[in-house]
Chemist: 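Shown below is the structure under consideration.
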Amino acid sequence: MKIYCPTCGKSSEEIPFIGEFCYECVTKKIKEEMPETETVYTCRFCERMNVLGQYKKVSKESLAEELTSLLKKHVTVIDFDKKKASLNVVCTVDGNKAKFRYDINLKWKFKTCQQCDRKKSGYFEAVIQLRGDKFLIKQMLYSIEGFVNANGAFVTKKEDINEGYDVYISDKKVANEFFAAYKLKPKRSYTLHGMKKGKELYRNFYLLRL
Ligand SMILES: [Zn+2]
Ligand SMILES: [Zn+2]
């Protein structure tokens, strides 16, 4: 049965329909209600972008995830640059699926991610104290840094002291994961260094004899 679009008068023989309106009129209306510009954030130091509150490498996938959340429509990114992004948008209109292309302007703004903020302020939760054989200490230092960086944490500082190295780590959970992964059993101790929301904050010390 041939139907006509109530808005533009085109027939269902000329153009596909979504429900009782033609494809063109439906997508035009959706596009008109979409913002022309979206603001996205990158960290000024590590250049990763904010994706739903987490920082990820800038990519089509990251941008698509963030824009899907901002636009409340499923979005894939065909291409993008500093100023704009070309998108494939999929959404549902009265139970019918509508798919269309949409170009959106991007405004990139800067923030500082928690990790960079902590790096800047010298934040650390754990100290690994390496003692013993100088050569083994150097090797262990290398392993620690690799593991910590690969697991979303960082080495705040390395202190070369006479009897070995003190390695400051931003995340005690990652420090513990390192010992588990390398099957190491350091001697543990704790110091109380403050309170946060009524909870005592501890710094963990791990003494490793090599
Ligand atoms: Zn129409
Ligand atoms: Zn950062």
Side-chain angles (χ1 to χ4, degrees), residues 1-34 36 38-70 73 77 80-83 85 87-103 106-126 144-158 167-175 177-178 196:
M1 195 187 77
K2 193 153 109 177
I3 51 169
Y4 293 91
C5 174
T7 311
C8 69
K10 277 185 190 139
S11 81
S12 56
E13 284 176 354
E14 292 170 65
I15 188 168
F17 271 55
I18 297 174
E20 54 183 299
F21 293 88
C22 81
Y23 174 83
E24 236 169 49
C25 289
V26 170
T27 54
K28 194 175 155 223
K29 190 162 171 281
I30 302 170
K31 287 180 190 177
E32 278 168 5
E33 286 164 4
M34 286 172 70
E36 284 176 20
E38 276 294 359
T39 305
V40 283
Y41 295 90
T42 54
C43 172
R44 75 186 79 241
F45 299 107
C46 65
E47 292 172 358
R48 293 180 303 163
M49 74 173 290
N50 187 310
V51 180
L52 292 100
Q54 301 237 327
Y55 282 81
K56 297 185 177 177
K57 203 165 165 271
V58 177
S59 68
K60 285 182 187 176
E61 289 71 28
S62 299
L63 188 59
E65 208 181 329
E66 179 70 359
L67 289 176
T68 293
S69 152
L70 291 171
K73 289 175 179 52
V77 175
F80 74 101
D81 59 28
K82 275 272 159 209
K83 290 211 166 96
L87 311 175
N88 271 325
V89 183
V90 181
C91 60
T92 321
V93 192
D94 304 328
N96 299 291
K97 218 179 195 185
K99 253 170 115 172
F100 56 93
R101 285 280 301 268
Y102 188 71
D103 287 342
L106 297 175
K107 197 182 235 172
W108 295 86
K109 285 194 177 170
F110 287 128
K111 272 188 180 175
T112 305
C113 75
Q114 190 193 48
Q115 179 154 310
C116 289
D117 191 42
R118 287 181 161 184
K119 258 185 202 170
K120 298 272 149 197
S121 63
Y123 181 91
F124 68 95
E125 293 180 356
I144 292 170
E145 273 196 287
F147 186 91
V148 164
N149 290 330
N151 287 280
F154 58 90
V155 172
T156 313
K157 64 174 170 177
K158 295 172 277 183
V167 192
Y168 293 69
I169 314 283
S170 65
D171 189 331
K172 55 187 161 200
K173 211 179 97 241
V174 174
E177 284 166 8
F178 171 78
K196 194 181 177 187

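In this chain, numbering begins with 1 at the start of the sequence shown. Whatever order the structure lists ligands and atoms in, that order sets their numbers, starting from 1.
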Chemist: Supply the atom-to-atom distance Phe100 CZ to Lys28 NZ, rounded to the nearest 0.5 angstrom.
Modeler: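 Here the interatomic distance stands at 13.5 Å.
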Chemist: So does Tyr23 get a backbone contact from the side chain of Thr27, meaning a donor-acceptor N/O pair under 3.5 Å?
Modeler: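 Confirmed, Thr27 side chain pairs with Tyr23 backbone.
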Chemist: Among Tyr123, Phe124, Phe154, find the one that has a ring-ring contact (aromatic ring centres under 6.0 Å, His included) with Tyr168.
Modeler: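 That would be Phe124.
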Chemist: Could you grab the distance from atom CH2 of Trp108 to atom OG1 of Thr39, nearest 0.5 Å is fine?
Modeler: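 One finds 11.0 Å between CH2 of Trp108 and OG1 of Thr39.
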Chemist: Using a cut-off of 2.8 Å, how many protein N, O or S atoms lie below it in distance from the Zn ion (ligand 2)?
Modeler: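 If we list every protein N, O or S atom nearer than 2.8 Å to the Zn ion (ligand 2), we get 4.
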Chemist: Please name all residues satisfying side chain to side chain donor-acceptor pair (under 3.5 Å) with Glu66, sequence neighbours left out, ordered by chain then number.
Modeler: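 Once residues adjacent in sequence are excluded, Glu66 has no partner under the side chain to side chain donor-acceptor pair (under 3.5 Å) criterion.
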Chemist: Quick one: list whatever passes salt bridge (Lys or Arg N to Asp or Glu O under 4.0 Å) with Lys157, sequence neighbours left out.
Modeler: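 Partners of Lys157 by the salt bridge (Lys or Arg N to Asp or Glu O under 4.0 Å) criterion, ordered by chain and then number, come out as Glu159.
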Chemist: Tell me whether Tyr4 at atom OH has more than 12 heavy atoms from other residues, nucleotides or ligands lying less than 6.0 Å away.
Modeler: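 It does not: Tyr4 OH has 12 such atoms or fewer within range.
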Chemist: At what distance, to the nearest 0.5 angstrom, does NZ of Lys10 lie from SG of Cys5?
Modeler: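 It is 8.5 Å, given to the nearest 0.5 Å.
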Chemist: How many protein atoms of type N/O/S are positioned less than 2.8 Å from the Zn ion (ligand 1)?
Modeler: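 Every protein N, O or S atom under 2.8 Å from the Zn ion (ligand 1) counted, the figure is 4.
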Chemist: For the CD atom on Glu24, are there more than 12 heavy atoms of other groups (residues, nucleotides or ligands in this structure) within a distance under 6.0 Å?
Modeler: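 No - once you tally the heavy atoms of other residues, nucleotides and ligands closer than 6.0 Å, there are 12 at most.
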